[in-house]
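Reckoned from all heavy atoms, side chains included, excluding hydrogens, waters and symmetry mates.
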Amino acid sequence: MKIPASLDGALGFNITRVALLFRRELIEALRGYHLTPEQWQILVAIIETEQIVHQSTLSDLTLKDTPNISRILKRMERDGWIERAVDVDDARSKRVIATSYAREAYPDIRATLEAHFDARLRPVAEETEQLMRLLHRLRGCFEADPLLS
């Protein structure tokens, strides 16, 4: 079926479609590591921020509700990617920590993803920086919390 012109010219439709296609590609690239795109985002956040990360922060970052984040983290903990611990400063809050297994695997996963997407995005490589600037501006139009920009 051909995409109707009104959808093909709609910004939201195109952003959503590209996001879904990108997600499908990411699922394929992560398959060998048994990680989902959401789990990968969490792993990146935990490892690259190098600070204490709480479940609530991950919920804000991924735009997932608390029960969904809890399920994702439970699977990640079961699979050896993360550990959760009660925060010593706030017993109601849980800290999320990358395991040594995750930290060791991280550079390889990142290199695999970079190589995969460099190849896929080669036709638009020159425009990627401009696209990223525009996407950041678009996010700013919709995000309530400027700290997530």
Can you confirm whether I82 sits close enough to I97 that some side-chain heavy atom of one is under 4.5 Å from a side-chain heavy atom of the other? no
request  = Could you tell me whether the side chain of N68 and the main chain of K64 form a donor-acceptor pair under 3.5 Å?
outcome  = no
Hits for side chain to side chain donor-acceptor pair (under 3.5 Å) against D108, two or more places apart or cross-chain, chain-then-number order -> Y33
Those residues at least two apart in sequence (or on a different chain) that pass side-chain contact (heavy atoms from CB on, under 4.5 Å) with P67 are D65, R71
Of all heavy-atom pairs linking I109 and L35, the shortest is CD1-CD1, 3.9 Å
Scanning both residues in full, the closest heavy-atom pair of L43 with A102 reads CD1-CB, 3.7 Å
When rounded to the nearest 0.5 Å, the distance separating CD1 of I72 from CD1 of I69 is 4.5 Å
dist I27:CD1 -> L30:CG (nearest 0.5 Å) comes out at 8.5 Å
Minimal heavy-atom distance between L61 and A45, with the atoms involved, is CD2-CB, 3.4 Å
Across all chains, not counting sequence neighbours, the salt bridge (charged side-chain N to carboxylate O under 4.0 Å, His left out) partners of E28 are R31
Of all heavy-atom pairs linking Q41 and T62, the shortest is OE1-CG2, 3.5 Å
Go through the steps for I42 and M76 under the test side chain to side chain contact (heavy atoms under 4.5 Å, CB included), then give the verdict.
CA-CA 10 Å; I42 288 169; M76 290 180 77; 3.9 Å; yes
Enumerate, atom names and distances included, each donor-acceptor pair closer than 3.5 Å involving a side-chain atom of residues 15-25, sequence neighbours excluded.
unit_1	atom_1	unit_2	atom_2	d
T16	OG1	G12	O	2.8
R23	NE	E38	OE2	3.3
R23	NH2	E38	OE1	2.9
R23	NH2	E38	OE2	2.6
E25	OE1	R120	NH2	3.3
E25	OE2	H116	NE2	2.7
E25	OE2	R120	NE	3.1

* For side chain to side chain contact (heavy atoms under 4.5 Å, CB included), just list the numbers for R84 and L73, CA-CA rounded to whole Å, side-chain angles, deciding distance to a tenth of an Å, and then say yes or no. => CA-CA 8 Å; R84 291 186 285 178; L73 293 177; 3.9 Å; yes
Contacts satisfying ring pair (Phe, Tyr, Trp, His ring centres under 6.0 Å) that involve residues 52-99 (not counting sequence neighbours) are W81-Y101
Residue pairs meeting salt bridge (Lys or Arg N to Asp or Glu O under 4.0 Å), one or both in residues 122-132, sequence neighbours left out, come to E129-R133
Those residues at least two apart in sequence (or on a different chain) that pass side-chain contact (heavy atoms from CB on, under 4.5 Å) with E48 are V44, Y106, R110
OG1 (T36) and CG (L26) are apart, to the nearest 0.5 Å, by 8.5 Å
Here the gap from Q39 atom CD to D79 atom CG, rounded to the nearest 0.5 Å, amounts to 6.5 Å
Salt bridge (charged side-chain N to carboxylate O under 4.0 Å, His left out) filter on R78, not counting sequence neighbours, yields none
Within one Ile-Leu-Val-Met-Phe-Trp-Tyr cluster: M132 and L113, side-chain cutoff 4.5 Å:
no
Applying side chain to side chain donor-acceptor pair (under 3.5 Å) to S56 and not counting sequence neighbours gives none
When every non-hydrogen atom of G80 is compared with those of T99, the smallest separation belongs to O-OG1, 2.6 Å
On a heavy-atom basis, the closest approach of S70 and Q55 is OG-NE2, 3.5 Å
Taken in chain and number order and not counting sequence neighbours, the residues that satisfy side-chain contact (heavy atoms from CB on, under 4.5 Å) with P4 are S6, L7
